[in-house]
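One structure below.
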Amino acid sequence: MSRKALVTGGASGIGAVTADRLRADGLDVLTADVAGAADIELDVTESQLVDDTLRELGPFDVLVNSAGVVGPNAPLWEVPAKEWSRVMAVNVDGPVNTCRAVVPGMIDRGWGRIVNVASIAGKEGNPNLSAYSASKAAVIGLTKSLGKELAASGVLVNAVAPAVIATPMNASTAPETLEYMIARIPMGRLGQPDEVAELIAWLCSDRCSFSTGAVYDISGGRATY
Ligand SMILES: NC(=O)c1ccc[n+]([C@@H]2O[C@H](COP(=O)([O-])OP(=O)(O)OC[C@H]3O[C@@H](n4cnc5c(N)ncnc54)[C@H](O)[C@@H]3O)[C@@H](O)[C@H]2O)c1
């Protein structure tokens, strides 16, 4: 029987391309998103709804947390509290909610793969993207904690940390912020979503067996650690 995967943010960008890539690996994939053409409409910030929905549609063997928002492009002191909270709700509470719902079943079955889409911003901090950078640092921290909690269970939890990737997300990023980010990539170009999907597909497979709580750089050489 094929393994079942859930990809949040699966209607667009990295999530959509990852869903296709996992299908090519033979997985039975469900995409979840608040907008666009996903298999199920789901707001990952709604913890009870996420719990009920995933328990009903599961069990899931693979979870890819790709849903995310950039949030405000502004210096920290100009970021309204409400916008800060929204970025944290989607980018941090979202993966926590989905993990809470699927992890117990993965533990019971003794196998699982979770991939959280973090960002290089979470390691380095991008100016005028403090909420986004802080949220992705939190994703890295929660990946490391959960990876250790599950290390002996057969459930592996890893994160990917892309630099700027050519997806609709960047349509709302200020041109000078985008320029700043590309200028820091030694390869001198944007990444493509299929390049990220390839790494995620490996992390979701049996081919990945001795990594957990790890953060995989996919940044055209930008990451220095
Ligand atoms: N594009 C980049 O440059 C880049 C770089 C590093 C990390 N990332 C991360 O990659 C992930 C995917 O981003 P992308 O570039 O594919 O962007 P995208 O905007 O194309 O896709 C993100 C998807 O998440 C969905 N989403 C937003 N809020 C949601 C919610 N509350 N519940 C469910 N779905 C929700 C959106 O509707 C959208 O379809 C994000 O976590 C993002 O932070 C992107």
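Keep in mind it's a predicted model, so treat the numbers as computed, not measured. For ligands, and for the atoms within them, numbers begin at 1 and follow the listed sequence.
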May I ask which of Ala67, Ala38, Ala121, Ala11 has a heavy atom nearer to atom 24 (O) of ligand 1 than the others do? Ala67

Residue portion contacting ligand 1 (non-hydrogen atoms closer than 4.0 Å) for Glu41: neither

Do Thr53 and Ile40 have side-chain heavy atoms sitting under 4.5 Å apart? yes

Against heavy atoms of Ser119, which atoms of ligand 1 measure under 4.0 Å? 6 (C), 7 (C)

Do Leu6 and Val64 have side-chain heavy atoms sitting under 4.5 Å apart? no

Residues Asn116 and Thr143: side-chain donor-acceptor under 3.5 angstrom: yes

Any idea which protein heavy atom is nearest atom 18 (P) of ligand 1, and the distance to it? Ser12 OG, 3.6 Å

Output the list of atoms in ligand 1 that are nearer than 4.0 Å to some heavy atom of Val164, sorted by atom number. 3 (O)

Any side chain to side chain donor-acceptor pair (under 3.5 Å) pairs touching residues 118-130, not counting sequence neighbours? Glu124-Arg222, Asn126-Arg222

Counting from 1 in the order shown, the ligand 1 atoms closer than 4.0 Å to a non-hydrogen atom of Gly9 are 23 (C), 24 (O), 25 (C)

Taking a cutoff of less than 4.0 Å between a non-hydrogen atom of the residue and any ligand atom, is Ala163 in contact with ligand 1? yes

Counting each atom of ligand 1 from 1 as listed, which ones have a heavy atom of Arg86 under 4.0 Å away? 31 (N)

Could you identify the single nearest non-hydrogen protein atom to atom 1 (N) of ligand 1 and state the distance to 0.1 Å? Thr167 OG1, 3.1 Å

In short, side chain to side chain donor-acceptor pair (under 3.5 Å) pairs touching residues 86-99 with sequence neighbours left out are Asn65-Thr98, Asn91-Ser135, Asn97-Arg100

Ligand 1 and Asp43, any nitrogen or oxygen pair closer than 3.5 angstrom? yes

From atom 33 (C) of ligand 1, work out which of Ile14, Thr8, Leu42 has a heavy atom at the shortest distance. Leu42

Using a heavy-atom cut-off of under 4.0 Å, does the side chain or the backbone of Val34 touch ligand 1, or both, or neither? both

Using distance alone, determine whether Pro162 and ligand 1 share an N or O pair under 3.5 Å. no

Pick from Met181, Met187, Arg189: which one makes a side-chain contact (heavy atoms from CB on, under 4.5 Å) with Ile185? Met187

Just to confirm my output: which protein heavy-atom neighbour is closest to atom 8 (N) of ligand 1, and how far is it? Tyr132 OH, 3.3 Å

Proximal ligand 1 atoms for Asn170, defined as those under 4.0 Å from one of its heavy atoms: 1 (N), 2 (C), 3 (O)

Please report which non-hydrogen protein atom sits nearest to atom 9 (C) of ligand 1, along with the residue it belongs to and the distance in Å to one decimal place. Val117 CG1, 3.5 Å

If you measure from each heavy atom of Gly36 to ligand 1, is any distance below 4.0 Å? no

Could you identify the single nearest non-hydrogen protein atom to atom 22 (C) of ligand 1 and state the distance to 0.1 Å? Gly68 O, 3.8 Å

Are Ala118 and ligand 1 in contact, using a heavy-atom cut-off of under 4.0 Å? yes

State which residue, out of Leu63, Val62, Leu150, fulfils the side-chain contact (heavy atoms from CB on, under 4.5 Å) condition with Met106. Leu63

Shortest protein heavy-atom distance from atom 12 (C) of ligand 1, along with the residue and atom involved: Ser66 O, 3.1 Å

If we number the atoms of ligand 1 from 1 as shown, the ones under 4.0 Å from a heavy atom of Gly13 are 16 (O), 20 (O)

Check whether Arg109 reaches the backbone of Phe60 with its side chain - one donor and one acceptor, N or O, closer than 3.5 Å. yes

Nearest protein heavy-atom contact for atom 32 (N) of ligand 1: which residue, which atom, what distance? Val44 N, 3.0 Å

If the contact criterion is a heavy-atom separation under 4.0 Å, does Pro168 count as touching ligand 1? yes

Is Ile165 close to Pro162 at the side-chain level, that is, under 4.5 Å between some pair of heavy atoms? yes

Side chain Lys148, main chain Thr212, donor-acceptor under 3.5 Å: no

Residues Glu195, Arg21: salt bridge by 4.0 Å N-O rule: no

At a 4.0 Å cut-off, with the gap strictly under it, does some heavy atom of Lys136 reach an atom of ligand 1? yes

Can you find a pair of side-chain heavy atoms, one from Val7 and one from Leu22, that are under 4.5 Å apart? yes

For atom 39 (O) of ligand 1, what's the nearest protein heavy-atom neighbour? Residue, atom name and distance, please. Asp33 OD2, 2.6 Å

Keeping Arg184 on the side-chain end and Tyr180 on the backbone end, is there a donor-acceptor pair under 3.5 Å? yes

Distance-only, no hydrogens or angles: does the Asp25 side chain make a donor-acceptor pair with backbone N or O of Leu27 under 3.5 Å? no

Before signing off on this row, confirm whether Ile165 and ligand 1 have an N or O atom pair separated by under 3.5 Å. yes

Ring centres under 6.0 Å, that's the criterion: do Tyr216 and Trp202 meet it? yes

